[in-house]
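Quick caveat: nothing in here was measured; it's all calculated off a predicted structure. Protein chains get the first letters and strands the later ones, always in sequence-line order, with residue 1 at the start of each.
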Amino acid sequence: MSENDRAPESEEEDAAPLFGTWRNAYLAVVAFFILDVALFYCFGRYFS
Amino acid sequence: MSWIDYVVLLGTLLAIALYGHWRTRRDYDLGHYLHGDETIRWGTIGLSVMATQASAITFLSTPGQAYESGMGFVQNYFGLPFALILICAVFIPIYHRLKVVTAYEYLGERFDQKTRLLGASLFLVQRGLAAGITIYAPAIILSAILGWNLQLTILLCGLFVVVYTTAGGTKAVSITQRWQMAVILLGMFVAFGMILRRLPADISFFDATSIAGKMGKLKAVDFSFDLTQRYNFWSGLLGGFFLSLSYFGTDQSQVQRYLAGGSVAASRFGLLFNAVLKIPMQFFILFTGVMVFVFFQWEKPPMFFNQPAYQRVQQNGNAAEKLANLQARYDGVFAQKQAALREMTTATRNGAAEAGAFAKTEVLRGRDEIQKIRGEAKEVLKAHDPDLETKDSDYVFITFILNYLPHGIIGLLMAVIFCAATSATAAELNALGSTTEVDFYRVLIRPEASEQHYLIAAKVLTASWGIVAIAFALFANIVENLIEAVNILGSIFYGTILGLFLAAFFLRFVRGSAVFIAGLLSQTLVLVLFYTTNIGYLWYNVIGCTAVCLFSSLLQKTILAR
């Protein structure tokens, strides 16, 4: 494997439609996960 | 099932398979067969990835799991979003840049051929067995409940998938999976709506949820840390992370799905679609199972859900008497529990805390008593039929579908089960055939041959794996809950496979021989732990992966330093 395989992403690869950058897209996924867990936890507690 | 159900079932299955065949009728080349083309968009990739993971077992077994143990199984997927983010950031750009067809080609590029073959071999063993379970699981349940011949069900279901997968390859699999997933989602929403409709008129959705919560079925998140506990937040987050990282990052049945599109962005969006939707989808399927549980608080369920097996044992005079006594006790306790349940619901509505608490105690006492009677009934069944599988949770949802839903809807839900079975099996066979062709046939048997020759070889190998999977399904006898059986099998091998890839990505100083020996040692360690300890299976992913990274680093720094 050449060192190019570990090179930083090109500008084209780094641009994520809707989110601007892929980093923003990943942060949105993490935020969604935290929301999921919080909702499930509260849901279980409320109805127990 | 009536003729309407058979028309809906067969019409749906054939329409989707024919559509896939029509869309790929002009794609004769090896590229389309092994890795699709750039016309496949991120939405198709996302649904295809989801359909590959969601086998028939997901829809038969998961609601039953929730019926029995509540919502805790959803934690199994908590590590998934983080794993998919890492795959999007690290794995996908490298796979695209190297233009690999299989993930294991990358191991060959980074290390050497023997490590590539080790990774591919572990995948083939694990996925070959899993493909057998994927065919076996729905067949065993459907044959038992519908009275179909088990062997014939396995053969027909298996051969149907083998034919269209072998003929169409990757592109056909991705296109058909999009529509199969659409049928699956539609069917599950219809099933959920029908369950709510079948609840007593005076029980609202809020009442039903409240009953489920008070009976301990809605605890989806458990933050306690216990290594022997199968599902808690930590095992789900950490073990689930490694399981998902290995499954989505290194299992060819998934890698082939998201590399099917032409661009990095399409692959990434396809995976992030799953990172966002997978957990809510599993929550919804489990919640459907919980609503089936609530439904069976008002409609008396059978004492044992595998009714054909129950009736077979009942024909034995001695067993019949014992079962009749247990049934009488069961009926009495069920009536008492139902009365207490009604009091509890009324008290909750009126805000009468004391009366509600008292009624809840009675309900829980009734629930425990029913569990005890069911346990005794299973002992009677086991005593008279030692081969009988007494874990009946896989039969809960199908029992509900067949006995309480109208004709037409039954056909639609049977189509859901078969769509799920065929979509998951097709992806598995597609990946098994491709891996054998690319990583073994081209490397060890025919390094120089024409594209046409490799295309035929890929088709023959795909069909051969189909026959292996069908043969395994014909001889399988699985005792675990079926969805757990697949996850346990995966966890035994995934840790080691993932370790090979993580060493390749992040341990730059490690070379081929060190990681190869470390892979063999780690797989042995996981197998020894599996047979000798009682560790929750998700931890095998962590152990296998960590062991490969640790052993390979140590070997590279010491014995293989020169």
Any side-chain heavy atom of [X] within less than 4.5 Å of one from [Y]?
{"X": "A:F32", "Y": "B:I279", "answer": "no"}
{"X": "A:V29", "Y": "B:I85", "answer": "yes"}
{"X": "B:L272", "Y": "A:W22", "answer": "yes"}

Need one label for [X]: side chain, backbone, both or neither, based on atoms under 4.5 Å from any heavy atom in chain A.
{"X": "B:L237", "result": "side chain"}
{"X": "B:F287", "result": "side chain"}
{"X": "B:F82", "result": "side chain"}

What residues, two or more places apart in sequence or in another chain, satisfy side-chain contact (heavy atoms from CB on, under 4.5 Å) together with B:V221? A:V37, A:F40, A:Y41, B:Q75, B:F78, B:F223, B:F233
Which of the residues B:M71, B:M215, B:K217, B:K214 is involved in the greatest number of heavy-atom pairs with chain A at under 4.5 angstrom?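 Ranked by heavy-atom pairs under 4.5 Å with chain A, first place is B:K214.
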Out of B:A220, B:P280, B:G108, which one racks up the most heavy-atom pairs below 4.5 Å with chain A?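 Counting heavy-atom pairs under 4.5 Å, the top option is B:P280.
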Between B:T209 and A:F43, does a side chain to side chain contact (heavy atoms under 4.5 Å, CB included) hold up when you go through it step by step? CA-CA 10 Å; B:T209 312; A:F43 184 69; 3.6 Å; yes
Output the distance between atom CZ (B:R268) and atom OH (A:Y26), rounded to the nearest 0.5 Å.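 Atom-to-atom, B:R268:CZ and A:Y26:OH are 4.0 Å apart.
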So, using ring pair (Phe, Tyr, Trp, His ring centres under 6.0 Å) as the criterion, who are the partners of B:F248 when residues are at least two apart?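 Scan of B:F248 (ring pair (Phe, Tyr, Trp, His ring centres under 6.0 Å), adjacent residues dropped) gives none.
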Check whether more than 12 heavy atoms from other residues, nucleotides or ligands sit under 6.0 Å from atom [atom1] of [X], and answer yes or no.
{"X": "B:F358", "atom1": "CZ", "value": "no"}
{"X": "B:K219", "atom1": "NZ", "value": "no"}
{"X": "A:R45", "atom1": "CZ", "value": "no"}

